[in-house]
Structures are given as C-alpha cells and as structure tokens.
Amino acid sequence: MPEHESVRLTAEAIGRITCIKTGEEIGLLYQWDNGETQAAIYENGSIELPDYQNQVREPSLSAKRS
C-alpha cells in the first residue's frame, strides 16, 4: 500500500491569530510540511492542538514583528 502523500509530520508557526475586538493574541496559525494549514487556539493559557502527530516546532515570529 503506497504511503499517503498528505501525512502530517512537522509544522511551523506562520502567523498569530488576534481577536478583532480586543487585539489580544488568541492563537497561532501553523503550516504543516505537506502544505496544509491549521489554527491552534489558546484555551486557558495553553494551546489546543490535535492529539495526532503533535511534532510542532517552536514559533519564531519575533523577527517578523514590526
């Protein structure tokens, strides 16, 4: 059986998600190594991530901020 091409292995944070009303950061946007994107919304001070294949690199977004 051939390996499925859309298997997710690693992800990189590519953006911050902010509340439109308050401007508060509420999550991060990740891009997986297969090109798919996924939002991770903070819940009670932590990030809610799916239970499968949570091999996510630390975000390095500070260099992109102005």
I need the [X] [atom1] to [Y] [atom2] distance, nearest 0.5 Å.
| X | Y | atom1 | atom2 | value |
| --- | --- | --- | --- | --- |
| I14 | T37 | CD1 | OG1 | 6.0 Å |
| L28 | Y42 | CG | OH | 3.5 Å |
| R16 | I26 | CZ | CD1 | 13.0 Å |
| I17 | E24 | CD1 | CD | 13.0 Å |

*Please test Y30 against E12 for side-chain contact (heavy atoms from CB on, under 4.5 Å), starting from the C-alpha separation and ending with a verdict.*
CA-CA 5 Å; Y30 288 90; E12 180 179 357; 5.7 Å; no
